[in-house]
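In what follows, chains are A, B, ... by sequence order, proteins preceding strands, each numbered from 1. These figures come from a predicted structure and were not determined experimentally.
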There are 2 protein chains.
Amino acid sequence: MQKEIDLGVFSKECRRHNLRVTPQRTAIFRELAKAKSHPSADEMFQAVRKEFPNISYDTVNRTLLTFSRIGLINLVEGHTTPRRFDPDLSSHHHFHCQQCGRIIDFCNSDFDDLKIPSSLLREFDVTSSRVVLRGICKACSRKRIG
Amino acid sequence: MQKEIDLGVFSKECRRHNLRVTPQRTAIFRELAKAKSHPSADEMFQAVRKEFPNISYDTVNRTLLTFSRIGLINLVEGHTTPRRFDPDLSSHHHFHCQQCGRIIDFCNSDFDDLKIPSSLLREFDVTSSRVVLRGICKACSRKRIG
DNA sequence: CTTTTTGCAAAGCGTTTGCATTGAA
DNA sequence: TTCAATGCAAACGCTTTGCAAAAAG
């Protein structure tokens, strides 16, 4: 089940975004293909380091941010710091702006009533569900054009 | 549109969880009712401080964590630190365990095909959607019983 | 040769900890 | 009177910054 590593796609994407193909970036890209579900920058650093002992944490962290910026990987939403608290306990959904980071609430009754498959209910004790959309908010897309 | 403040519910919930009703907690609870969408601990600190000048950041932060633990408020998922990266670009969904913090991937084709209302598409430039479930994972619920 | 990228070290930001003091029940 | 909650200050974890040296194109 090992993901196939396509270095051609990698260097093409780099060129498309005017990024240089360095040994460090290549090593990080290779390691991502082997990565377990949702690695942190530090986990990636520890892994890449084995193949590339002189690489710095910094380069790994910056490269991961670069890769997520150009869409080679994604950032995963989580309940981490700086924490945001939500006093609104009623059912609602979230739009995350990839540009400004804002999280905007919206309501949608279809999304409130999602049927959670029984296979999932057997595996998890589910207490809530939410639809999370990502993209660019109105304010940011105006800035891009203007 | 000001949310109604029910201090009765508040003190009942505190008693139910063996938490003492202190002036600090009451002030924070009051302020939460006025809060704009997703305040951070520091934003809450700045707000509560105006009514309660001697309160410490610490108390505000700890109290917010306590409130979210007993379900008086929620934590909001976001793309914050420590960051987690996802090399899997194919459509999938997430289960967040509230106990251990793990994020578990699952696939579900119904969730892949959610119809995003055109009212939302007019407001946002949506690039991806995901269902995020919260609850307790199998491993953690075994620990609770055993 | 030019411009990006790298590695390092220091700074930064928000959170957490340990502990003595205070105060709710 | 007891035990939880508070406030403070220091420690901590992870990220970011500034910059000189190295390397890609």
Undergrad: Donor-acceptor check, side chain of His96(A) to backbone of Ile103(A), threshold 3.5 angstrom: yes or no?
TA: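 No, because the side chain of His96(A) does not come within donor-acceptor range (under 3.5 Å) of the backbone of Ile103(A).
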
Undergrad: If the condition is side chain to side chain contact (heavy atoms under 4.5 Å, CB included), which residues does Arg122(A) pass it with, not counting sequence neighbours?
TA: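 Counting only residues at least two positions away or on another chain, Arg122(A) forms a side chain to side chain contact (heavy atoms under 4.5 Å, CB included) with Ser118(A), Ser119(A).
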
Undergrad: With sequence neighbours left out, write down each residue that passes side chain to side chain contact (heavy atoms under 4.5 Å, CB included) with Leu121(A), or none if nothing qualifies.
TA: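 Ile116(A), Val126(A).
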
Undergrad: In whole angstroms, how far is the P atom of dA5(D) from the CZ atom of Phe29(B)?
TA: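 From Phe29(B) CZ to dA5(D) P: 17 Å.
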
Undergrad: Could you go through the salt bridge (Lys or Arg N to Asp or Glu O under 4.0 Å) check for Glu77(B) and Arg130(A) one step at a time?
TA: CA-CA 10 Å; Glu77(B) 82 294 331; Arg130(A) 161 170 295 161; 3.3 Å; yes

Undergrad: Summarise how protein sits on nucleotides 4-12 of chain C as a single string, 5' to 3': B when a protein heavy atom is under 4.0 Å from the base, S for sugar-phosphate-only contact, - for no contact.
TA: BSBBBB---

Undergrad: Expressed in angstrom and rounded to an integer, what is the separation of Asn61(A) atom CG from dT17(D) atom P?
TA: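 Rounded to the whole Å, the gap is 11 Å.
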
Undergrad: Tell me the interatomic distance from His17(B), atom NE2, to dA5(D), atom C1', rounded to whole angstroms.
TA: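 About 17 Å, once rounded to whole Å.
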
Undergrad: Provide, to the nearest angstrom, the distance between the CZ atom belonging to Arg16(B) and the C1' atom belonging to dA25(C).
TA: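 Result: 20 Å.
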
Undergrad: Relative to each other, are the rings of Phe106(B) and Phe111(B) parallel, tilted or perpendicular (30° and 60° limits)?
TA: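 Taking Phe111(B) first and then Phe106(B), their aromatic rings stand perpendicular (interplane angle over 60°).
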
Undergrad: Would you kindly give the CG-to-P distance between Leu64(B) and dT6(D), to the nearest whole Å?
TA: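 Rounded to the whole Å, the gap is 11 Å.
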
Undergrad: Rounded to whole angstrom units, what separation is found between the CD atom of Gln46(B) and the C1' atom of dG14(C)?
TA: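 These atoms are roughly 13 Å apart.
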
Undergrad: Write down the distance between CD1 (Ile28(B)) and C1' (dA5(D)), rounded to a whole number of angstrom.
TA: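 So the CD1-C1' distance, Ile28(B) to dA5(D), works out to 11 Å.
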
Undergrad: Checking side-chain polar atoms at under 3.5 Å, does Ser91(A) have a donor or acceptor matched by the opposite partner on Asp112(A)?
TA: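 Their side chains do contain a donor-acceptor pair, which is all the 3.5 Å distance test asks for.
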
Undergrad: In whole Å, what is the span from the CZ atom of Phe45(B) to the P atom of dC13(C)?
TA: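 Nearest whole value for this atom pair: 16 Å.
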
